[in-house]
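See structure below.
As the structure lists them, so they are numbered: ligands from 1, and atoms in each ligand from 1. Keep in mind that this is a model prediction, so the values were computed, not measured.
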Amino acid sequence: MAKYFEMTPGEVKKKFTVKGDEDTPRVLRHSEDEHFVTSCMFLDKETRNCTIYEGRPAICRDFPTQKRCGYYDFLTFEREVQDDPDWVATTN
Ligand code: SF4
């Protein structure tokens, strides 16, 4: 993310993350989300796409223990199955 935003790691940490819990000490800041109450500040709330996909942090690249975004794969699968290229999950 630091490279993507041309910032120092410390600046990225301060600007885009907040203290988490024991299992996840730092988390990305959230913003309001009609489906999940809040979600990552970088999630486009209309398209449900990551707005910093090329610069997303390692935890996002690895989740859930693979080098692909689980939500993206889920969305791609559902859009194909429902034959609706604009389908967006409405569950929470
Ligand atoms: S991939 Fe990571 S940075 Fe992008 S929207 Fe999801 S949680 Fe946020």
| task | Below 4.0 angstrom from a heavy atom of L43, which ligand 1 atoms are there? Numbered from 1 as shown, please. | result | 5 (S)
| task | Classify the contact between L28 and ligand 1 as side chain, backbone, both or neither, using a heavy-atom distance cut-off of under 4.0 Å. | result | side chain
| field | Side-chain donor or acceptor of R48 paired with backbone N/O of L75 under 3.5 Å | value | no
| Are any non-hydrogen side-chain atoms of M41 and H30 less than 4.5 angstrom apart? | no
| message | For a quick test of reading the model, state the closest non-hydrogen atom pair linking L28 to C40 and the distance between them. | response | CD1-SG, 3.8 Å
| field | Euclidean distance, E78 CD relative to D84 CG, rounded to 0.5 Å | value | 10.5 Å
| field | Contact check: C50 to atom 8 (Fe) of ligand 1, N/O/S below 2.8 Å | value | no
| task | With heavy atoms of C40 as the reference, note each atom of ligand 1 found under 4.0 Å away. | result | 3 (S), 5 (S), 7 (S), 8 (Fe)
| remark: Near C60 (heavy-atom distance under 4.0 Å), the atoms of ligand 1 are 1 (S), 2 (Fe), 3 (S), 7 (S)
| Would a line drawn from the ring center of Y53 to the ring center of F42 be shorter than 6.0 Å? | no
